[in-house]
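Below is one structure, written out as structure tokens; comments come after it.
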Amino acid sequence: MIHCKNKCPLGKFDGCCRSCPDRPDCPEACEHDPAQCGDATWDEETALAVFQKSQLATLNAIASLTAHKKAIEEQEKNMKAALFAAMEQYGIKKFETDALTLTYVAPTVSHGLDSAKLKKKYPDAAADCAKDTPKAGYVKITLKDGGGGNGA
């Protein structure tokens with residue numbers, strides 16, 4: 001159901017005028033579209049239905065783009081692996097063209113902390129050295145197997 005912060009002026013209905021059974025005959029009926037008026041809120045079921053209907057084209061486009069992006073990234077990964085092997089084989093450290101520069105970066109070992117082990121062994125030290133880092137919200141998109149853009 002759609003709820004509105006503006007209550008029915010006649011006290012007949014608790015919700016959005018669009019959902020009122022007496023709306024067609026009501027002289028006080030609100031003419032605003034609840035999706036655009038800014039005064040309406042939806043219960044979860046209604047919100048999901050409105051969201052899906054209003055965003056279906058965007059959802060399908062994102063699913064298609066995400067599938068293409070995944071395929072392109074896989075191609076890129078394979079090509080980079082082939083270039084890495086060739087540069088290693090021929091001892092090439094750097095190669096430049098008008099369009100790009102390739103630089104061979106040899107394998108290395110990275111040193112870091114095992115934070116889970118630190119927290120378990122030395123919880124006070126881990127808590128003392130912990131810091132909070134704010135992160136922006138975002139939309140996470142996960143492709144389902146065979147996801148090619150037909151639904152999201």
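Being a predicted model, the structure only gives us computed values, none of them experimental. Just so you know, these numbers use all the heavy atoms, side chains as well, and skip hydrogens, waters and symmetry mates.
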Separation of [Y] [atom2] from [X] [atom1] (nearest 0.5 Å):
| X | Y | atom1 | atom2 | result |
| --- | --- | --- | --- | --- |
| Asn60 | Leu65 | CG | CG | 11.0 Å |
| Met87 | Lys80 | CE | NZ | 12.0 Å |
| Thr103 | Lys93 | OG1 | NZ | 11.5 Å |

*Under the criterion side-chain contact (heavy atoms from CB on, under 4.5 Å), which of Val109, Leu113, Thr108 is the partner of His111?*
Val109
_Tell me which one of Tyr90, Phe84, Phe95 satisfies side-chain contact (heavy atoms from CB on, under 4.5 Å) with Tyr104._
Phe84
*Find out whether Leu59 and Ile62 are in side-chain contact, i.e. whether some heavy atom of one side chain is under 4.5 Å from a heavy atom of the other.*
no
*Is it true that Leu83 and Leu100 fall in one hydrophobic cluster, defined by side-chain heavy atoms closer than 4.5 Å?*
yes
*Taking NZ, NE, NH1 and NH2 as the nitrogens, is one of them in Glu74 or Lys70 under 4.0 Å from a carboxylate oxygen of the other?*
no
_Quick check on Gln52: does its CD atom have over 12 non-hydrogen neighbours (other residues, nucleotides or ligands) under 6.0 Å away?_
no
